[in-house]
2 protein chains.
Amino acid sequence: MKPMSNARGFVLRLESFLPYRLVVAANLVSQATARTYATKYGIGIAEWRVIAQLGEFGTMTAKQIGARSHMHKTKVSRAVATLTKRKMLAKRANREDKREAFLSLSPGGLEVYESIAPSALALSQRMFGEVSAEDRAAFERVLDTVTARAAALADTAAELAD
Amino acid sequence: MKPMSNARGFVLRLESFLPYRLVVAANLVSQATARTYATKYGIGIAEWRVIAQLGEFGTMTAKQIGARSHMHKTKVSRAVATLTKRKMLAKRANREDKREAFLSLSPGGLEVYESIAPSALALSQRMFGEVSAEDRAAFERVLDTVTARAAALADTAAELAD
DNA sequence: TGACATTGGTTTCATTTGTAACTACTTTGC
DNA sequence: GCAAAGTAGTTACAAATGAAACCAATGTCA
């Protein structure tokens with residue numbers, strides 16, 4: 001199938017359009033990851049992210065989790081709710097500010113973390129293992145700048161939206 | 001906030017975990033893009049992708065669009081439906097196979113394409129413009145391998161799921 | 001020819017998601 | 001000390017989404 005050239009002779013090639021390719025790749029990664037977590041551990045991505053944050057930092061408020069993991073606060077709220085229901089989280093009230101609560105992994109949650117984390121690394125290895133160190137470094141640089149730029153753009157676009 | 005080390009002394013640092021960073025970056029890009037398209041042209045991402053494909057290739061079936069754009073067939077179906085409702089698409093029956101239909105941009109649809117495409121490029125420029133040519137090349141290489149690997153993994157995970 | 005499997009595409013249904021409204025609490029400014 | 005504004009987190013509601021059932025048409029193969 002050849003790209004046709006249209007009235008203005010202008011063609012946007014999606015195949016080489018970076019934002020598009022980035023999103024497609026991420027969707028596939030996300031899907032593969034989700035499938036693995038779901039089938040092996042019966043847990044969704046949002047839940048896993050909460051566990052991962054708490055596994056890494058020990059104790060956080062829902063707000064902190066949301067900020068660090070770039071998740072919407074309702075998503076965090078629901079993930080926390082289901083994890084609490086499954087006894088994977090410990091909630092401790094904050095005396096100084098009763099609106100928020102300190103969250104951490106329960107022994108059961110820690111167990112899940114300890115068992116998923118290595119398998120997450122293995123999965124990552126399967127996806128990025130072949131990539132050379134230089135390419136990986138470049139990849140990270142690009143991700144950094146793009147993340148920053150896109151975040152800024154998303155904000156300004158959100159303002160324009162009103 | 002320092003990462004704590006847990007029982008096994010094992011810590012997964014999400015900040016430097018590539019799949020995670022990839023997905024976060026893509027979400028931001030996707031959000032920025034969606035916001036822009038929505039506010040400026042009143043169109044969603046799925047609809048835009050259909051338009052982009054048809055703008056690039058002229059005439060395709062829904063199935064081809066789905067395959068090329070990595071979209072679920074129901075998503076394509078719905079996007080096509082709303083675009084048809086807005087008179088941006090022309091549907092032509094296939095005599096040889098009455099199940100499928102040939103889709104292409106109507107004059108109105110072409111107009112939309114012609115006006116969004118440059119602005120999409122501009123948006124991409126704003127996000128990737130600062131990236132050096134070498135880094136960009138490396139970035140594309142990594143995207144290629146990761147896309148392939150993740151697609152394979154998503155498939156096998158799907159099989160395991162049953 | 002005619003049963004059976006397959007395919008392109010749509011629709012139904014349950015789930016997921018984000019927006020907005022809300023509750024409970026805290027901070028600010030007077 | 002208190003009204004107004006702001007914040008952490010939850011909930012209600014509507015829109016988006018994917019899995020599976022479905023329909024019509026085509027292919028297969030005996």
Side-chain angles (χ1 to χ4, degrees), chain A residues 23 27-28 30-35 37-39 42-50 53 59-85 89 91-103 154-155 157-159 161-162, chain B residues 23 27-28 30-35 37-39 42-50 59-85 89 91-103 154-155 157-162:
Chain A
V23 170
N27 282 347
L28 287 168
S30 185
Q31 211 177 308
T33 316
R35 283 245 156 83
Y37 293 167
T39 58
I43 231 172
I45 291 245
E47 286 76 26
W48 160 242
R49 281 195 188 171
V50 169
Q53 295 288 343
T59 297
M60 307 170 82
T61 67
K63 166 132 220 206
Q64 289 175 315
I65 294 174
R68 277 215 153 266
S69 63
H70 294 268
M71 283 200 288
H72 196 271
K73 64 178 184 170
T74 61
K75 214 175 201 174
V76 175
S77 174
R78 293 190 249 244
V80 166
T82 74
L83 288 174
T84 307
K85 208 170 299 166
L89 255 54
K91 204 177 274 196
R92 184 165 50 80
N94 177 8
R95 277 282 175 82
E96 259 100 72
D97 187 342
K98 287 175 199 163
R99 288 171 304 183
E100 65 186 13
F102 296 125
L103 302 167
D155 282 355
E159 286 163 22
D162 306 325
Chain B
V23 169
N27 282 347
L28 287 168
S30 184
Q31 211 176 308
T33 315
R35 282 248 154 79
Y37 293 166
T39 58
I43 232 172
I45 291 244
E47 285 77 25
W48 159 243
R49 282 196 188 173
V50 169
T59 297
M60 305 169 83
T61 67
K63 167 132 217 206
Q64 288 175 316
I65 295 175
R68 276 214 155 269
S69 63
H70 293 268
M71 283 200 289
H72 197 271
K73 66 177 183 170
T74 61
K75 215 175 201 174
V76 174
S77 174
R78 293 190 250 246
V80 166
T82 75
L83 288 174
T84 307
K85 208 171 296 167
L89 256 53
K91 204 177 273 196
R92 184 165 52 80
N94 177 9
R95 277 281 175 82
E96 261 100 71
D97 187 341
K98 287 174 198 161
R99 288 172 304 184
E100 64 187 12
F102 296 126
L103 303 166
D155 282 356
E159 287 164 20
L160 284 176
D162 306 323

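Numbered from 1 within each chain, the chains take letters A, B, ... in sequence-line order. What's counted below: heavy atoms across the whole structure, side chains too, no hydrogens, waters or symmetry copies.
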* Asked: Within this structure, what is the CE-to-P distance between B/M71 and C/dT10, rounded to whole angstrom?
  -> 13 Å
* Considering only side-chain heavy atoms of B/T74, which listed nucleotide, D/dT11, D/dA8, C/dT10, is closest? -> C/dT10
* Measure from CE on A/M60 to C1' on D/dA8 and round the result to the nearest Å. => 15 Å
* Does the side chain of A/H72 get closer than 4.0 angstrom to OP1 or OP2 of C/dT19 through an N or O atom? -> yes
* Protein-nucleotide distance (B/E96, atom CD; D/dG27, atom C1'), rounded to Å -> 15 Å
* Asked: Can you find a side chain N or O atom of B/S77 that sits less than 4.0 Å from OP1 or OP2 on C/dT10?
  -> yes
* Nearest-angstrom distance from the residue atom CD of B/Q31 to P of C/dT17 -> 14 Å
* Closest to side chain of A/R78, choosing from D/dT26, C/dG18, C/dT12 -> C/dG18
* Asked: How many Å lie between CG on A/N94 and C1' on D/dG9, as a whole number?
  -> 13 Å
* To do: Starting from P on D/dA8, measure out to CD1 on A/I65 and report it in whole angstrom.
  => 14 Å
* Structure fact -> Residue pair A/K75/A/R95 against DNA chain C: nearer the 5' end by closest nucleotide is A/K75
* Asked: Taking only side-chain nitrogens and oxygens of A/R99, does any of them come within less than 4.0 Å of OP1 or OP2 of C/dC22?
  -> no
* To do: Return yes if some donor-acceptor pair links the side-chain N/O of B/R49 with the main-chain N/O of B/S69 below 3.5 Å, else return no.
  => yes
* Structure fact -> Side-chain contact check for B/T61: nearest option of D/dA8, C/dG9, C/dT10 is C/dG9
* To do: Select one nucleotide: of C/dG9, C/dT26, D/dG9, the one nearest the side-chain heavy atoms of A/A62.
  => D/dG9
* Could you tell me whether the side chain of A/Q53 and the main chain of A/V50 form a donor-acceptor pair under 3.5 Å? => no
* Side chain of B/K73: nearest nucleotide among D/dA21, D/dG18, D/dA8? -> D/dA21
* Asked: Of all heavy-atom pairs between B/T84 and B/V80, which one has the smallest distance, and what is that distance?
  -> OG1-O, 2.6 Å
* Atom-to-atom span, CD of A/Q64 to P of D/dT7 - whole angstrom -> 16 Å
* Asked: Is B/K98 near enough to D/dA25 that one of its side-chain N or O atoms lies under 4.0 angstrom from OP1 or OP2?
  -> no
* Asked: Which residue lies toward the 5' end of DNA chain C, B/V76 or A/A46, if each is placed at its nearest nucleotide?
  -> B/V76
* **Sugar-phosphate only, base, or nothing, as touched by A/A101 at under 4.0 Å among non-hydrogen atoms** => sugar-phosphate
* Ignoring hydrogens and angles, tell me if any N or O in the side chain of B/S77 forms a donor-acceptor pair with the backbone of B/K73 under 3.5 Å. => no
* To do: Compare every heavy atom of B/T59 with every heavy atom of B/Q64, then report the nearest pair and how far apart it is.
  => OE1-O, 4.5 Å
* Whole-Å gap separating P (D/dG9) and CG (A/D97) -> 8 Å
